[in-house]
**Student:** 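Got a structure here, written out as structure tokens. Questions coming.
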Amino acid sequence: MSSSSQLEKLEASLGRARSSIREAAKVRNKTSTHQDPDYVPRGPIYRNPNAFHRSYLEMEKLFKIYVYEEGQIPIFHDGPCFHMYLTEGRFIHEMEKGKLYRTTDPNQALVYFLPFSVVRMVQFLYLPDTYDRNGMKLAVIDYINLIAHKHPFWNRSLGADHFMLSCHDWGPFTTASVPHLFHKSIRVLCNANTSEGFNPSKDASLPEIKLLTSKIPRLGGQPASSRSTLAFFAGGLHGHIRYLLLNEWKGKDQDVQVYEKVPYGVSYEEMMKSSKFCLCPSGYEVASPRVVEAIYAECVPVLISDGYIPPFGDVLDWKSFSVQVPVKNISDIKNILMSISNRQYLRMQRRLKQVQRHFLMNGPPKRYDVFHMIVHSIWLRRLNIRIQDLLM
């Protein structure tokens, strides 16, 4: 089969998937009508449970990812698997294993993964305190030029069906060195900041997950009736939003407990597990591991940011299980949280328990967990692309 006829076949299969998902979205009660041995999405944590379920099943059936083999470890095909950049490294490693979604035939692929690690670039190509990131910029330019000259797929779509993934703050900067990578490719970023060019229609928000070991932390916490603290935050000065939060609330209110550092003998984790709301202000960049930490602790996240796009927002209705506070309203946080009735709070906390499965980092991955949700975000953005239209 010629490459053009193969592409037509792939695009036809995507067309049928789009139609199937649109029909699923029309189901009035929105509850999934499809059988599933593992999990059937339902409830208000989803924008449309039936559409999501149909989309997920279509993804499992059709989605194939080709991973470019060019590039050498450690800059390529590698990434840290613990601490702040867990999601970047774990995703790269799961794709390299080739057990899920990966195809070795690029003509069968619907998307193409550019497996470079921004974290490794910072580690090996950036000299600390020099503010000279030119080496990182040149590495990406050279890499994309190599891909474009060696394979036909980048030039065919101008990179629109290619994706990269980064949890480092400098992910947006690194992609800016190649205009088509920045403006056309699917960028999966923890730093999902619209003020830095993040485009939700083509880019995907990546959850920042901080784990020190391979084990998933203990989920849950105190029952709602035993959570004595209204709101909690602990973290150092890291950008103007945290400065405003600390300046307004640090040491000033027993209900809104805000610290630069938790007091001696006090457990950060236990404070989250015994608080009703966990404040998640952006740092210098918008991403914060506190969002997922709060979900694990069943402490309703309070997102304090301007321009942040939360992960999996195409599917998840964040308003059903979190509170979003504009930066300008930091001084009014207590009133905002106090205005939430106990009944409404209990509903939000129950929904946190339901949404946890989508943020768990399992090894190996399990259906509907964070790895699959990241892939689903990429799948949705590929559905927005029609390669034939780009060829005209």
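By convention here, the first residue in the shown sequence is residue 1.
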**Student:** Centroid-to-centroid, F359 to Y296, below 6.0 Å?
**Tutor:**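 Centroid distance F359-Y296: not below 6.0 Å, so no.
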
**Student:** When you compare the side chains of Q6 and N107, does any donor N or O come within less than 3.5 Å of an acceptor on the partner?
**Tutor:**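 Looking only at side-chain atoms, N107 and Q6 do not form any donor-acceptor pair under 3.5 Å.
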
**Student:** Restricting to ring pair (Phe, Tyr, Trp, His ring centres under 6.0 Å), what partner residues turn up for F182, sequence neighbours left out?
**Tutor:**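 Counting only residues at least two positions away or on another chain, F182 forms no ring pair (Phe, Tyr, Trp, His ring centres under 6.0 Å).
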
**Student:** Quick one: list whatever passes disulfide (SG to SG under 2.5 Å) with C299, sequence neighbours left out.
**Tutor:**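 Checked C299 against disulfide (SG to SG under 2.5 Å); matches are C278.
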
**Student:** Enumerate the side chain to side chain donor-acceptor pair (under 3.5 Å) contacts for residues 330-341, please, sequence neighbours excluded, ordered by first and then second residue.
**Tutor:** D253-K334, D255-K334, D332-N335

**Student:** Taking only residues two or more places apart in sequence, or in another chain, which ones meet R343 in a side chain to side chain donor-acceptor pair (under 3.5 Å)?
**Tutor:** none

**Student:** Verify the ring-centre separation between Y46 and H53: is it less than 6.0 angstrom?
**Tutor:**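 That pair fails the under 6.0 Å test.
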
**Student:** Going by the rule ring pair (Phe, Tyr, Trp, His ring centres under 6.0 Å), which residues pair with F173 if we only count those two or more places apart in sequence or in a different chain?
**Tutor:** none

**Student:** Got a sec, which pairs hit ring pair (Phe, Tyr, Trp, His ring centres under 6.0 Å) with one end in residues 322-352, sequence neighbours left out?
**Tutor:** F277-Y345

**Student:** Under the ring pair (Phe, Tyr, Trp, His ring centres under 6.0 Å) rule, collect the residues that match up with W170, sequence neighbours excluded.
**Tutor:**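 Once residues adjacent in sequence are excluded, the partners of W170 under the ring pair (Phe, Tyr, Trp, His ring centres under 6.0 Å) criterion are Y126, H168.
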
**Student:** For residues 87-106, pull every pair meeting ring pair (Phe, Tyr, Trp, His ring centres under 6.0 Å), keeping only residues two or more places apart or in separate chains.
**Tutor:**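 For residues 87-106, and leaving out neighbouring residues, the ring pair (Phe, Tyr, Trp, His ring centres under 6.0 Å) pairs sorted by first residue read F91-F113, F91-F371, Y101-H372.
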
**Student:** Is it the case that the side chains of T175 and R187 hold a donor-acceptor pair, with the cut-off being a distance below 3.5 Å and no angle test?
**Tutor:**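 Result is yes, a qualifying pair exists.
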
**Student:** Determine the minimum heavy-atom distance between S322 and V300, stating which atoms define it.
**Tutor:**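 Heavy atoms of S322 and V300 come nearest at CA-CG1, 4.0 Å.
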
**Student:** Tell me, please, whether Y39 has R357 positioned over its six-membered ring: NZ or CZ under 6.0 Å from the ring centre and within 45 degrees of its axis?
**Tutor:** yes

**Student:** Does the distance from a Lys or Arg side-chain N to an Asp or Glu carboxylate O, for R382 and E11, drop under 4.0 Å?
**Tutor:** yes

**Student:** Which donor-acceptor pairs under 3.5 Å do side chains of residues 146-153 form with protein atoms, sequence neighbours excluded?
**Tutor:**
unit_1 : atom_1 : unit_2 : atom_2 : d
H149   : ND1    : N145   : O      : 2.7
K150   : NZ     : E70    : OE2    : 3.0
H151   : NE2    : E70    : OE2    : 3.0

**Student:** Test of understanding: with salt bridge (Lys or Arg N to Asp or Glu O under 4.0 Å), list the residues that count as partners of D132, not counting sequence neighbours.
**Tutor:**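 Counting only residues at least two positions away or on another chain, D132 forms no salt bridge (Lys or Arg N to Asp or Glu O under 4.0 Å).
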
**Student:** Identify, with sequence neighbours excluded, every residue that meets ring pair (Phe, Tyr, Trp, His ring centres under 6.0 Å) alongside Y243.
**Tutor:** none

**Student:** Between D38 and K366, is there a side-chain heavy-atom distance shorter than 4.5 Å?
**Tutor:** no

**Student:** Please determine whether a side-chain nitrogen of the Lys or Arg among R381 and D314 lies less than 4.0 Å from a carboxylate oxygen of the Asp or Glu.
**Tutor:**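 A salt bridge links R381 with D314.
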
**Student:** Could you tell me if D105 and T103 have a donor-acceptor pair between their side chains, going purely by distance under 3.5 Å?
**Tutor:**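 There is no such pair (donor and acceptor under 3.5 Å, judged by atom type) between the side chains of T103 and D105.
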
**Student:** Which pairs pass disulfide bond (SG atoms under 2.5 Å apart) with one or both residues in residues 125-198, sequence neighbours excluded?
**Tutor:**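 Counting only pairs at least two positions apart or across chains, the disulfide bond (SG atoms under 2.5 Å apart) contacts touching residues 125-198 are C167-C190.
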
**Student:** Could you tell me whether the side chains of Q123 and R120 share a donor-acceptor contact shorter than 3.5 Å?
**Tutor:** yes

